[in-house]
Number of protein chains: 2
Amino acid sequence: MREERRVPKDPESRPTAARARRRVGRPTSRVLSRRLITETGLRLLDERGAEGAGMRAIAKELGVQPSALYNHVGGHAELLAGVRELLGERIPVDMFAELPWDAALADWARRYRSAFAAHPATIALLAVLPLAEDSALTGMYDTVAGALVRAGCPEDRAVSVIVALESFILGSALDLIAADDMLDPGPRADVPAFSAAYRARAERLAETGRRSVDDAFEVGLRAMIAGFGAGFAPDAGRSA
Amino acid sequence: MREERRVPKDPESRPTAARARRRVGRPTSRVLSRRLITETGLRLLDERGAEGAGMRAIAKELGVQPSALYNHVGGHAELLAGVRELLGERIPVDMFAELPWDAALADWARRYRSAFAAHPATIALLAVLPLAEDSALTGMYDTVAGALVRAGCPEDRAVSVIVALESFILGSALDLIAADDMLDPGPRADVPAFSAAYRARAERLAETGRRSVDDAFEVGLRAMIAGFGAGFAPDAGRSA
DNA sequence: GTCGTAAATGAACACGGTTCTTTTACTGCG
DNA sequence: CGCAGTAAAAGAACCGTGTTCATTTACGAC
């Protein structure tokens with residue numbers, strides 16, 4: 001994070017392109033680092049969409065040849081895994097120390113989803129990655145699992161509760177890349193129940209200004225957490 | 001579905017490769033069709049994994065040049081959309097006519113997930129596709145929406161209930177492509193709550209022989225449906 | 001100082017989807 | 001019946017992707 005903008009004396013150094021051509025051989029001062037590469041990848045994903053973060057594009061952005069990246073990253077897939085960890089690090093877990101379990105769990109889920117929502121282009125790329133084996137995410141799971149067990153969740157069910165909730169979060173994040181009116185049946189007459197339900201919802205959302213994907217997320221989240229609570233031990237820190 | 005195996009007189013016609021070379025120009029009898037292409041794509045996905053269903057591979061399997069495929073499908077993305085519709089068609093909805101809403105919804109969700117689980121290689125490819133705009137899926141939504149409203153679900157919430165459940169289903173399907181022991185913290189001592197919960201679950205699962213991803217799905221599914229029911233009108237066809 | 005290693009360049013390679021031209025067959029129209 | 005227009009195949013390219021490999025240069029340790 002220190003050598004981010006290194007362009008010593010180059011009359012024509014536009015910010016985002018073509019530094020002075022470096023001569024062959026190991027450079028005097030480090031140009032690349034794994035962190036710099038993944039952060040640039042995330043930034044390009046944000047700025048240019050899913051197709052904008054290829055190896056060549058990242059290399060060009062850093063004023064470097066594509067092959068140089070391979071000294072720091074194993075390949076494109078590993079790079080994406082790095083980006084995912086970057087996002088994972090930004091999911092806070094403080095709420096479990098401050099709120100009752102159900103409010104904390106809901107807050108955590110919303111922030112988890114937001115971490116992806118803030119970078120729409122990444123969702124389709126990252127959602128399909130199996131999460132890194134011994135990543136820092138395990139620390140997050142520990143906090144959540146502890147809170148669940150204290151709330152009366154059977155210990156042998158806590159992990160499944162977390163995995164289920166995470167699946168819902170990721171599935172909901174995928175909805176974010178679809179058009180908002182994707183399900184609109186239009187004037188079709190052969191699906192009356194669905195059409196009526198769709199219009200009723202559209203009206204309610206128009207009043208509140210809420211996005212449909214956000215509404216579905218909230219509906220599902222509340223149902224899931226309520227359902228979890230119903231299966232916990234009756235008198236353990238319930239909304240303490 | 002009639003011209004599926006067309007190999008007239010070719011001494012060396014192994015089932016899966018190199019038919020007699022066709023001469024240039026429009027063939028006498030149709031060789032390709034959109035349906036045949038998408039079905040072949042799905043089959044190759046099953047047989048060879050996610051990388052095995054490129055345009056060249058499908059063309060080769062059908063004894064045809066890659067460019068010929070473009071007379072029937074717009075491109076690779078459209079082909080995948082076709083495969084997804086193929087799977088969507090296989091999700092039944094009969095249960096809503098026969099079972100109480102909650103049992104029917106659970107059954108539907110399980111079969112929805114199974115439709116993907118039967119073709120693991122497709123999951124990562126299809127989960128990220130926005131579902132086709134006016135596809136046959138809308139008919140399925142109509143059935144589900146009708147059942148929900150009859151069960152006392154507020155009409156303006158039915159669509160969000162469906163979308164939320166679908167998000168959970170797709171998110172859970174994505175878990176299927178990850179290793180079963182992905183979350184195993186191993187001997188790590190810094191995550192005691194998670195380690196204990198993980199081991200407790202592993203023991204329970206070992207006894208019943210259930211897979212961990214299936215357990216998480218069931219836990220989440222039951223919680224979600226229970227939570228939905230709690231928000232419905234008190235006396236509408238409850239487990240009738 | 002010298003030797004091994006890290007980190008860059010630059011030139012390929014292989015493979016993916018796609019497009020374009022050419023050739024042949026089929027179909028509808030007068 | 002003959003002719004035009006179109007559909008559907010081959011075949012040859014194009015371009016962009018991730019990736020590898022040899023080469024060159026600098027740094028660090030003995």
Side-chain angles (χ1 to χ4, degrees), chain A residues 2-3 6-8 10 18-38 40-41 44-45 48-83 124-125 129, chain B residues 2-3 6-8 18-38 40-41 44-45 48-83 121 124-125 129:
Chain A
R2 204 136 98 280
E3 63 277 52
R6 160 160 296 277
V7 41
D10 180 13
R19 282 108 175 114
R21 185 138 62 259
R22 211 181 337 274
R23 106 175 165 283
V24 182
R26 184 186 217 199
T28 308
S29 66
R30 295 282 207 296
V31 177
L32 296 177
S33 72
R34 186 189 163 84
R35 178 123 206 145
L36 178 62
I37 293 172
T38 54
T40 303
L44 290 187
L45 245 17
R48 309 181 189 175
E51 316 290 296
M55 299 301 270
R56 283 180 165 82
I58 294 176
K60 185 160 202 174
E61 179 73 11
L62 291 170
V64 142
Q65 295 297 319
S67 53
L69 301 177
Y70 290 83
N71 291 322
H72 303 270
V73 206
H76 194 242
E78 192 183 305
L79 190 151
L80 289 180
V83 172
L125 263 31
L129 292 181
Chain B
R2 212 148 79 285
E3 64 279 51
R6 161 161 295 279
V7 42
R19 281 106 174 119
R21 185 140 62 257
R22 212 184 335 276
R23 105 174 168 285
V24 182
R26 183 188 230 217
T28 308
S29 65
R30 294 282 206 297
V31 177
L32 296 178
S33 71
R34 187 188 162 84
R35 178 124 206 144
L36 177 62
I37 292 172
T38 54
T40 304
L44 289 188
L45 244 17
R48 309 181 189 175
E51 316 290 294
M55 299 302 271
R56 285 182 162 84
I58 294 176
K60 185 161 203 174
E61 180 74 11
L62 291 171
V64 141
Q65 293 298 317
S67 54
L69 302 177
Y70 289 83
N71 291 322
H72 303 269
V73 271
H76 194 241
E78 191 183 305
L79 190 153
L80 289 181
V83 171
L125 264 31
L129 293 181

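Throughout, protein chains are lettered first and strands after them, A, B, ... in sequence-line order, and every chain is numbered starting at 1.
- Phosphate contact (OP1/OP2 of D:dA9, side-chain N/O of B:Gln65, threshold under 4.0 Å): absent.
- Distance from the side chain of A:Ser67 is smallest for C:dT9 among the nucleotides D:dA9, C:dT9, D:dA13.
- Separating the CZ atom of A:Arg26 from the P atom of D:dT25 is a distance of 14 Å, rounded to the nearest angstrom.
- A donor-acceptor pair under 3.5 Å is absent between the side-chain atoms of A:Arg56 and the main chain of A:Gln65, judged by distance alone.
- When distances run from any side-chain atom of A:Met55 to the nucleotides D:dC27, D:dA10, D:dG18, the shortest one goes to D:dG18.
- For D:dA10, the OP1/OP2 oxygens have a side-chain nitrogen or oxygen of B:Arg22 closer than 4.0 Å.
- Between A:His72 and the phosphate of C:dA8, there is a side-chain N or O to OP1/OP2 separation shorter than 4.0 Å.
- Within the 3.5 Å criterion, the main-chain N or O of A:Gly82 finds no donor-acceptor partner in the side chain of A:Arg34.
- In this structure, B:Arg56 does not reach the C:dC15 phosphate: none of its side-chain N or O atoms is under 4.0 Å from OP1 or OP2.
- Taking every side-chain heavy atom of B:His76 into account, C:dG17 is the closest of C:dG17, D:dT25, D:dG18.
- Taking all atoms of both residues into account, the shortest heavy-atom contact from B:Arg48 to B:Ala57 is NH1-CB, 4.5 Å.
- Here C:dA25 presents its P atom at 17 Å from CG of B:Leu32, a figure rounded to the nearest Å.
- Closest to the side chain of B:Val24, out of D:dA26, C:dT24, C:dT23, is C:dT23.
- Side-chain N/O atoms of B:Arg30 include one lying less than 4.0 angstrom from OP1 or OP2 on D:dA8.
- Here C:dA7 presents its P atom at 15 Å from CG of A:Leu62, a figure rounded to the nearest Å.
- Map A:Glu51 and B:Val64 each onto its nearest nucleotide of DNA chain D; the residue landing nearer the 5' end is B:Val64.
- With rounding to whole Å, B:Tyr70 atom OH is found 18 Å from D:dA13 atom P.
- Annotation: side chain of A:Ile58 is not in contact with side chain of A:Val64 (no heavy-atom distance under 4.5 Å).
- Here the P atom of nucleotide C:dA7 and the CZ atom of A:Arg34 are 13 Å apart, to the nearest Å.
- For the pair A:Arg48 CZ and D:dT17 P, the computed distance is 12 Å after rounding to whole Å.
- With D:dA8, D:dC27, D:dT19 as the candidates, the nucleotide lying closest to the side chain of B:Asn71 is D:dA8.
- Distance alone, capped at 3.5 Å, is enough to place a donor-acceptor pair between the B:His76 side chain and the B:Ala53 backbone.
- Nucleic acid contact class of A:Ala68 (heavy atoms, under 4.0 Å, all strands): base.
- D:dG16 atom P lies 11 Å from atom NZ of A:Lys60, rounded to whole Å.
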